[in-house]
Number of protein chains: 4
Amino acid sequence: MTTPRHTASKRWTRQPEERPKQILDAALRVFCARGFAQTRMDDVARKAGISKGTIYLYFDSKTALLEALIERAMAPVATQLEAMAASAPEGPVAPLLQTMLELAATRLADPDVAAVPLLVIGEAGRFPHLAQHYRERVIEAGLGAITSLIQRGIRAREFRPLDPALAARSLIATVLLQAIWSTVFARPDDTPLHPHILAGQHVDIFLNGVKTEARR
Amino acid sequence: MTTPRHTASKRWTRQPEERPKQILDAALRVFCARGFAQTRMDDVARKAGISKGTIYLYFDSKTALLEALIERAMAPVATQLEAMAASAPEGPVAPLLQTMLELAATRLADPDVAAVPLLVIGEAGRFPHLAQHYRERVIEAGLGAITSLIQRGIRAREFRPLDPALAARSLIATVLLQAIWSTVFARPDDTPLHPHILAGQHVDIFLNGVKTEARR
Amino acid sequence: MTTPRHTASKRWTRQPEERPKQILDAALRVFCARGFAQTRMDDVARKAGISKGTIYLYFDSKTALLEALIERAMAPVATQLEAMAASAPEGPVAPLLQTMLELAATRLADPDVAAVPLLVIGEAGRFPHLAQHYRERVIEAGLGAITSLIQRGIRAREFRPLDPALAARSLIATVLLQAIWSTVFARPDDTPLHPHILAGQHVDIFLNGVKTEARR
Amino acid sequence: MTTPRHTASKRWTRQPEERPKQILDAALRVFCARGFAQTRMDDVARKAGISKGTIYLYFDSKTALLEALIERAMAPVATQLEAMAASAPEGPVAPLLQTMLELAATRLADPDVAAVPLLVIGEAGRFPHLAQHYRERVIEAGLGAITSLIQRGIRAREFRPLDPALAARSLIATVLLQAIWSTVFARPDDTPLHPHILAGQHVDIFLNGVKTEARR
DNA sequence: GATGAATGAGGCTTCATTCAT
DNA sequence: AATGAATGAAGCCTCATTCAT
C-alpha cells in the first residue's frame, strides 16, 4: 500500500471566483457543528482547504462571515415564498398547503438547510440585527404566505372560521420543530424520521381539524 | 429551627446554603441573554451580586455551571411528566391533552423556563451528552406521555387510527416552537401572543382533526 | 556557587497600588529601546515582572499605555514651566535663562526623561492627537516662557531688539537636540558629553550674541 | 544611445530602470507619513502605482527598502559636506557659515529632505547599524566641517576662543530642530516659519556671540 | 517583468481559572 | 467563606513574503 501523493503538486491554486462560495460552505458546516463562538477561523480555513489569511481576502471578519452565510441562505427562501404567495392558483387551498408543507419538510431534511435557522436561533442573542432580518424576510414572509392562504380557505368556506395567523403557526410548527430536533438531538444510530411521513399525517390532521363541519 | 453554623461573628447575612441557587439563577439569565459562550464568569458573578472567585467555590467550571443549570431545570419537568403519565384518570383523553398543553404553554411563556430548551439547542453541538440527557429525560418522556395518551384515545375509538407518536409531535410542536420564537425573535414593541389563545385554538384544531369521524 | 532561590516563594503578590507605576516605567523603557510598534506587550510585562494579562487590568490597550506614559511625563514639565513663567524674579533675565537652560540640560541628560520627547517624535505620525497635546502643553508652554523672558530682556534694553520667539528657539534648540542625539546615536563606548558643559558654552554664546551692543 | 532591451512587444512604458527610484520615492513619502513600522508594503506599492509583488523584484525586504532609502539620501549630503570642507575659500569664515546654514535651512524646509533624519531617529532603536552609519557619514561629517571652520575662525582671531565642537552644535541645532519640529508638530493651519528668517537671526546671534570682543 | 492571490507567523486582547489575602 | 488581582492559554486579525499565472 503506497502513500498516495497528492495529485496536485502546487501548494495552492488561484480561484478568486470560487473562494467565497467555498468559504461560506465550509463556514456553514463548522458553525453548525460547533457553534459560531466555538469555531476558530482556522477550522473554517481547514474545512475550505485554504489558509486562515485567505478568508480575510474575502470577508472582513468572522462576524461578516456569519452574516454573509445567513444572507445567502435567506435570499432564495424569501424569494420563493414571495413567488408562492403571489402565484397561488384558484380553487381549494388544501392541496396547496399540503404541497407547501411537504416541500418545506423535504428541504429542511437537508442538514445544510436546517442548519441556518438553527444558527440564527443560537446567535440571535449576540446579533439581534441578524435575528430581526431573518424574522422579517423568512419567518414573517412564510407565516404571511400560509396565513393568507388559510384566510382564503376560510372565506371560501373551505375551512371553518378561526384565527388564520394562529392556524398558520399550527400548520408549520410541526415541520419546523422536527427539523430542529432531528438536527440537534440526532443520535448516530437513529433512523431519521422520514419528513414526508410526519408532514403527511400532520397535514392530514390539520386539514381535518380546520375543515368546515359536515352539515348538521 | 435552623442550626446556625457560625456564632454571629460574620457580617454578611447571605447563607452559603443559598449560594448555588443564586448563582444558577444568575447564570440562567445571562446565559440566556448572551448565549453560553459569550457570557463571562464576571457577568454571572455580577448578576448574582458576588465575586467571580466565589462561583468556583460552588461549581468546578463554567461548563459545570451550565450542566447544573440544565439538570436543575430538567428534574421537575421530568418528574411531573412521569407523574402525569402514571396517574392519568380514566375516561376520554381529550380534556387531559388540553389541560396538559395549556399547562405547557403557560409554563413556557415564562422566559426563564423557555430559556432552558433554547440553551440546550444552542449548546448541543458542544455538549452532546447534555443534549442526549435532555432528549431522554424531557423530550422522550414528554413525547412518550402524550403518545401513550393518544394511543389510549385511539384504542378507545375516541380518536381515529393514526401513528400516535407522530400525532404527539403534531400536538406539542406548536406550543414549543412558539416558545422558541417568542424568545428568540421577540421585538420590544411586540404584544406577546398570549399562550393560552394559541394553545387553545391549536388543541381545538388538533382534536377536531384526530377525532373519530362522526357517523353521518 | 549555588543557584539562588528566589526569596519570594509566592508566584506573585498583590500590588494594586504599585502596578500602574511599575507598568508605565517598564513601558517607557521598552518603548524607548525598541519603538512603540516593535514592542510587544509581553516585553512590557516581562520588564515589569508581571504577566501580559495584568497590564490589561490597568490599561485598556497598548495605545492607552503610550498615552498614559506621555501624559504622566508631560504633567510635571508643564506645571513647572507655568510656575517658572509666573514667578520670574525681577532684575536681569540673563541669569534666569542660564539657570533654566542648565536645569533643562540636566533633566534631559536622564535617558528616561529624554525618551519621552523621542517617543512623541517617533509616534506623532500615528497619534496626531498625542503630538498636538504635547505641542500645546510642553513645547508651546516652554517656548512661551522663554520667549516672554527674552521679551522682558529686550524691553529692559538688556538685550538688543530681535524677534523673541525665534531667539527662544535659538536658545533651547542646542540643549534639546543634544538630548535627542545622545539618546539616538549614543555609542556604548562614548563618553557622554556632559550637559552642563554644552549648555554652559551655548548660553554664553547666546547671551553674548543678544546683549545690547556696547555703546559705540 | 540607449540599448532597448525588448523589441517593442510590451505595452507598459515605464522602464524597469526607473522602478527603484519610483519605489524609493514612494517609500519615503509613506514611511514619513506613517512611520516605518506602520507602513504596509501595500501602501508603498499603491503610492508607487505598482503592485506589491513588484517591490520584491527590486528590494529584498521592507528593511532593505528603508536602508536603500536612507543610503540614497545620505550620499549627496555626505558628498557635499566633504566638498565644502575641502574647498572652503580663504578669508573670514563667518560669511561661509552663514551661507551653509541658510543652505541647510532651505534644504531641510523640504519635507522630503527632513523626513530622512526623522526616519533615522525613529528607527535607530531597531536598526542600530543604520543609525551608526548615518551618524558617521552625515552627523559627524557635518559637525566636523562646521567645527573645522570655526576652528579656523578661532585661529584667525575672528572668533574668541571656545570649544569649536560645541560651538558647531550651537550653530546647527536650531536649524535642525526646527526641521524636526515643523515636520512632527505641523498643524494644517500653520503658516510655516520661513527657514531663512529663523536661520538668519540665529546665525546673527551666534556670530555676534562668538566674535572676538571689540576692544572698547 | 508584473501581478495579486495565497500563505502563515506573530501580536494584541480576552477570559476561564487560580490563589494570596 | 469571600474576594479580586494575577495568570497564561487561545483566538482573531494583520501583513511581510512567496509564487502561480
Side-chain angles (χ1 to χ4, degrees), chain A residues 8-17 19 37-45 49-63 65, chain B residues 5-6 9-12 14-16 19 37-45 50-63 65, chain C residues 8-17 19 37-45 49-63 65, chain D residues 5-6 9-12 14-16 19 37-45 50-63 65:
Chain A
S9 63
K10 316 178 175 197
R11 284 202 291 145
W12 47 267
T13 55
R14 296 185 164 219
Q15 304 187 17
E17 305 300 325
R19 286 282 181 255
Q38 286 67 38
T39 300
R40 284 166 299 140
M41 291 300 263
D42 260 335
D43 298 330
V44 178
I50 59 178
S51 80
K52 195 175 27 169
T54 299
I55 298 175
Y56 288 90
L57 296 178
Y58 299 94
F59 298 94
D60 283 345
S61 66
K62 195 183 173 189
T63 300
L65 198 50
Chain B
R5 276 202 276 168
H6 309 290
S9 65
K10 306 285 179 180
R11 274 175 295 117
W12 24 266
R14 287 197 289 236
Q15 299 303 314
R19 278 286 141 79
Q38 285 67 40
T39 300
R40 287 165 290 147
M41 292 299 264
D42 257 335
D43 297 329
V44 178
I50 59 177
S51 80
K52 194 167 38 164
T54 302
I55 299 177
Y56 285 89
L57 296 176
Y58 297 94
F59 298 94
D60 283 345
S61 68
K62 195 182 172 189
T63 299
L65 202 49
Chain C
S9 65
K10 317 181 172 192
R11 283 203 293 144
W12 46 267
T13 54
R14 298 186 162 218
Q15 305 188 14
E17 304 300 326
R19 286 285 182 251
Q38 286 68 37
T39 301
R40 285 165 297 140
M41 291 301 263
D42 261 335
D43 298 330
V44 179
I50 58 178
S51 81
K52 197 172 26 168
T54 300
I55 299 175
Y56 287 89
L57 295 178
Y58 298 94
F59 299 94
D60 283 344
S61 66
K62 194 183 173 189
T63 299
L65 199 49
Chain D
R5 275 203 276 171
H6 308 291
S9 65
K10 306 286 180 180
R11 275 175 295 116
W12 23 269
R14 286 197 290 234
Q15 299 303 315
R19 280 284 140 80
Q38 285 67 39
T39 299
R40 288 164 290 147
M41 291 300 262
D42 258 335
D43 297 330
V44 178
I50 58 177
S51 80
K52 194 168 38 167
T54 301
I55 299 177
Y56 285 89
L57 296 176
Y58 298 95
F59 297 94
D60 283 345
S61 69
K62 194 183 173 189
T63 300
L65 203 49

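Below, chains carry the letters A, B, ... as their sequence lines are ordered, and counting in each starts from 1.
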[X] [atom1] to [N] [atom2], straight-line distance once rounded to whole Å:
X        : N       : atom1 : atom2 : value
Asp43(A) : dC12(F) : CG    : C1'   : 13 Å
Gln38(C) : dC12(E) : CD    : P     : 10 Å
Asp60(D) : dT17(F) : CG    : C1'   : 11 Å
Asp42(B) : dT17(E) : CG    : P     : 13 Å
Arg40(B) : dG11(F) : CZ    : C1'   : 16 Å
Phe59(A) : dT14(F) : CZ    : P     : 15 Å
Ile55(A) : dC15(F) : CD1   : C1'   : 16 Å
Met41(D) : dA5(E)  : CE    : C1'   : 17 Å

Result of checking Thr54(B), Val44(B), Leu65(B) against Phe59(B) for side chain to side chain contact (heavy atoms under 4.5 Å, CB included): Leu65(B)

Watson-Crick or G-U pairs under 3.5 Å in DNA chain F, rendered as dot-bracket with [ ] for crossing pairs and | for another strand: .||||||||||||||||||||

N/O (side chain, Thr54(B)) to phosphate O (OP1/OP2, dT3(F)) under 4.0 Å: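 So the side-chain polar atoms of Thr54(B) do come within 4.0 Å of the phosphate oxygens OP1 or OP2 of dT3(F), strictly under.
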
Closest to side chain of [X], choosing from [options]:
X        : options                   : value
Lys62(C) : dA16(E), dT3(E), dC12(E)  : dC12(E)
Ile50(D) : dT7(E), dC12(E), dT3(E)   : dT3(E)
Tyr58(C) : dA5(F), dT7(F), dA6(E)    : dA5(F)
Ser61(C) : dT13(E), dT18(F), dC13(F) : dT13(E)
Ser51(A) : dA6(E), dA2(E), dA5(F)    : dA6(E)

Sugar-phosphate, base or nothing in reach of Thr39(A), heavy atoms under 4.0 Å: sugar-phosphate

Neighbour count >12 (heavy atoms, 6.0 Å) for atom CG, Asp42(C): yes

Distance in Å, Met41(B) CE paired with Ile55(B) CD1, rounded so as to fall on 0.5 Å steps: 4.5 Å

Nearest-0.5 Å distance, CZ of residue Arg19(C) to CD of residue Glu17(C): 11.5 Å

Residue closer to the 5' end of DNA chain E, Gly53(D) versus Gly53(B) (nearest nucleotide):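 The residue closer to the strand's 5' end, by nearest nucleotide, is Gly53(D).
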
Heavy-atom closest pair, residues Ala37(C) and Gln38(D):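 In this case the closest contact between Ala37(C) and Gln38(D) is CB-NE2, 2.7 Å.
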
Distance-only donor-acceptor test (3.5 Å): side chain Arg14(A), base dG4(E):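 Counting by modelled atom types and ignoring angles, a donor-acceptor contact under 3.5 Å is found here.
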
Side chain Lys52(D) and base dT3(E) donor-acceptor under 3.5 Å: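 No such pair is found, so the answer is no.
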
Comparing Arg19(C) and Leu57(B) on DNA chain F - which has the more 5′ nearest nucleotide: Leu57(B)

Side chain to side chain donor-acceptor pair (under 3.5 Å) partners of Thr39(B), counting only residues at least two apart: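 If we apply the side chain to side chain donor-acceptor pair (under 3.5 Å) test to Thr39(B), skipping adjacent residues, there are no hits.
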
